[in-house]
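Numbered from 1 within each chain, the chains take letters A, B, ... in sequence-line order. As a basis for the values below, the full set of heavy atoms in this structure was taken, side chains included, without hydrogen atoms, waters or symmetry mates.
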Amino acid sequence: MFAFLLRRIVQAALVMLVVASIAFLMFRFLGDPISNLLPEDATVEERADLREKIGLNDPFVVQYGRFITNAAQGDFGQSYRNNRPVSDLLAERFPATAELVLVAASLALALGIPLGIYTALNPRGWISQGLQVVSLLGISVPTFVTGILLILLFSVTLGWLPSFGRGEVVDLGGWTTGFLTLSGLKALILPSIMLALFQMTLIMRLVRAEMLEVLRADYIKFARARGMPNRMLHFKYALKNTLIPVMTIFGLQLGGLIAFAIITETVFQWPGMGFLFIQAVNFSDVPVMAAYLVLVSFLFVVINTIVDLLYHVVDPRLRVEKSTARGV
Amino acid sequence: MTLLELDNIVVEFPTRRGPLEAVKGLSLELNEGQILGLVGESGAGKSITGAAITGLIEPPGLIRSGQVRLRGQRIDNLAPEKMRRIRGKEIGAIFQDPLTSLNPVYTVGEQLIDTMRVHLGLDHKAARKRAIDWLAEVGIPAPEARLDQYPHQFSGGMRQRVVIALALCAEPKLIIADEPTTALDVSVQAQILALLKRLCRENGTAVILVTHDMGVIAETADRVAVMYAGRLVEIGDVAQVIQDPLHPYTKGLMNSIPQIGNRDARLTQIEGAMPGLRNPAPGCAFAPRCPQAIDTCRTLRPIPVDAGSGQVACHLFGEAQ
């Protein structure tokens, strides 16, 4: 187990190094930062001074080394736009995105798994058929369209829920939360539905397909031939086998949720990291973009490592053999 | 004492081009503690017959007509929940592939304990103790340690032993064993069959052994039923059917077993193939391949008549002669 963990950490470090390199290359190819940092009427001397000061005249390797060293310590330099440390900006915005993703992911799992099981156990029922059609819509309609439709219905027409922002937030020692106020909770509803919808339909369809497959397996037939009650057959014997592949996909999708939050945050003007990123793109604020790239990749790597560890909990075949199978 | 009766069972699978009869009127009787071998080619309806007894024919397949009686009680028309209680408790089943018959994510102990708790109403502790006894009974060394291991930690033969323990642990009176040794190593096959036979003899459990392996039948069974194209063609005591088969099809089957030590003899085979289930001919299904077919065979279906130590469905026997 320890060797496995060590191997995974080395792999993760390599992935992060590659991502950091790509982030670094952005600095070299996305225009000249000097023109963003200084007023338009700055003199040539001023430009040259700044260039020397922030180390743009150093050799490539030195700059690269410095970037990686700083990035490893969470220092991505100053934002060109706000003239504040990028790490501060991201730390400010992170709670908003984290809460949105958390609610969306919980929603997707809490609805997707039961609906998937239901449609697998009653494949011919009209509710299942209806859900299949709706889920097809959920998968194929772009999320920004559903977001805008949600705003139109619940904010504009009915006026029940806010169409933008986080509402009132409470600051808990640097972590701003919307969970503790009514307006904060109300503001969470529409964006998290928009973000969760695609994932939920995906999970539902995946659970359904896996469950149908597992129910045809020999060990389920044998359990049925032993007269095990349906409840035990479905929710104990079949479900655990069903959830193994679902876990992989959900791990990947959780990273996707963080990345896709960009669109949701833009539609709902949600003050999270994705919204920050879009603003940074409009302004070619390369340090923010680079930091966002590195942070999202880091989250991806962490989540996937956790999923791999969970496999070992769920699937005994992957556990380290304590004793090997003996002959007959 | 009669344990199981099949009375003119017809199993049908509706298809787009009309219903398909996989079993076309099969009657058999099985006494308590008896081991019956059910043989025939692939597609003869052996496994479907087994599934009909346990009430596990895959929908949309169904028992169109006839009755299955267990100790005189009809069981083919029971409500699903009632039939579930009979499965495992009264009628157990063993399937072909021990590698896929066990749930990979639960320990063998958990699977045994669940099964006993469902049928015998034991508490967890008592069930666990019995599970250890069962593993020992089926010849698994160090049963206490093995109980908490997962199926992938067992070899194929060991897994089939676990499967046998699972099928027998609720003490059913009848076991349907569908090709229980086909997936196993030849050296392990004999051990598994001997084990199955010993446990069933000790517990007075009757067995229907579905196989296409005549060697397995000769080793294990008391009686043999031979199926061809969904019908019984011959049934009798194992010694008589093997030494002195009556039906031309059974004779063909026996002749197609290679003889050890007789290298020069050509292996005889039955010419042709079993007819498809669709558009059955009016006469005997075996007539097109039968070397002894007479005119009647092609027009009139033979009905089983008493002959030898059992029955045979052939015009060469009975009142036609």
Side-chain angles (χ1 to χ4, degrees), chain A residues 1 117 120-125 128 207 210-248 307 309-328, chain B residues 51 54-56 58 80-81 83-107 110-111 114-115 118-119 139 141-142 145-146 149-161 163 166-167 169-170 172 176 178 184-185 187-188 191-192:
Chain A
M1 194 60 175
I117 295 171
L121 295 183
N122 309 286
R124 278 167 230 281
S128 300
V207 168
E210 285 298 330
M211 188 100 176
L212 284 174
E213 186 77 31
V214 169
L215 287 176
R216 275 196 295 270
D218 284 350
Y219 53 83
I220 296 295
K221 282 186 195 154
F222 185 41
R224 186 168 280 138
R226 293 202 304 278
M228 306 306 261
N230 276 342
R231 190 171 26 83
M232 192 182 255
L233 218 56
H234 296 155
F235 296 103
K236 183 172 178 184
Y237 283 21
L239 190 59
K240 200 168 172 189
N241 284 289
T242 302
L243 289 183
I244 292 172
V246 172
M247 226 166 60
T248 330
V307 167
L309 290 176
L310 278 179
Y311 271 160
H312 290 247
V313 177
V314 176
D315 193 340
R317 283 163 295 188
L318 294 174
R319 276 177 223 157
V320 183
E321 300 274 302
K322 283 192 196 113
S323 65
T324 44
R326 271 168 285 177
V328 175
Chain B
T54 47
L56 285 175
E58 298 266 341
E81 178 58 22
M83 192 61 208
R84 176 187 74 69
R85 284 171 205 277
I86 288 179
R87 249 178 255 136
K89 179 91 187 82
E90 305 284 335
I91 306 175
I94 297 172
F95 294 128
Q96 201 180 94
D97 193 349
L99 302 184
T100 56
S101 286
L102 298 170
N103 198 323
V105 299
Y106 290 102
T107 62
E110 222 166 331
Q111 298 181 50
D114 279 348
T115 309
V118 163
H119 287 298
R146 292 298 231 164
Q149 290 188 352
Y150 291 91
H152 72 276
Q153 292 165 298
F154 291 73
S155 67
M158 283 293 166
R159 278 190 234 186
Q160 193 63 310
R161 287 170 191 263
V163 167
L166 273 166
C169 68
I176 316 273
D178 193 346
L184 296 176
D185 229 295
S187 58
V188 182
Q191 293 177 22
I192 295 294

- prompt: Does a donor on one side chain and an acceptor on the other come within less than 3.5 Å for B:Tyr106 and B:Asp114?
  reply: no

Residue part contacting chain A, namely of [X], when any heavy atom lies under 4.5 Å:
X: B:Gln160; value: neither
X: B:Ala170; value: neither
X: B:Val105; value: both
X: B:Asp185; value: neither
X: B:Thr54; value: neither
X: B:Leu166; value: both
X: B:Gln96; value: neither

- prompt: So which pairs with a foot in residues 221-233 of chain A pass side-chain hydrogen bond (donor to acceptor under 3.5 Å, both in side chains), sequence neighbours left out?
  reply: A:Arg226-B:Thr115

field: Leading residue by heavy atom contact count with chain B [cutoff under 4.5 Å; candidates A:Ala225, A:Ala217, A:Ala223]
entry: A:Ala225

Min side-chain heavy-atom separation [X]-[Y] under 4.5 Å:
X: A:Tyr219; Y: B:Thr100; value: no
X: A:Thr248; Y: A:Tyr311; value: yes
X: A:Leu239; Y: A:His234; value: no
X: B:Arg84; Y: A:Pro229; value: yes

Listed partners of B:Arg87 passing salt bridge (Lys or Arg N to Asp or Glu O under 4.0 Å), at least two apart: none

query: Among B:Val163, B:Ile94, B:Ile86, who wins on heavy-atom pairs under 4.5 Å with chain A?
result: B:Val163

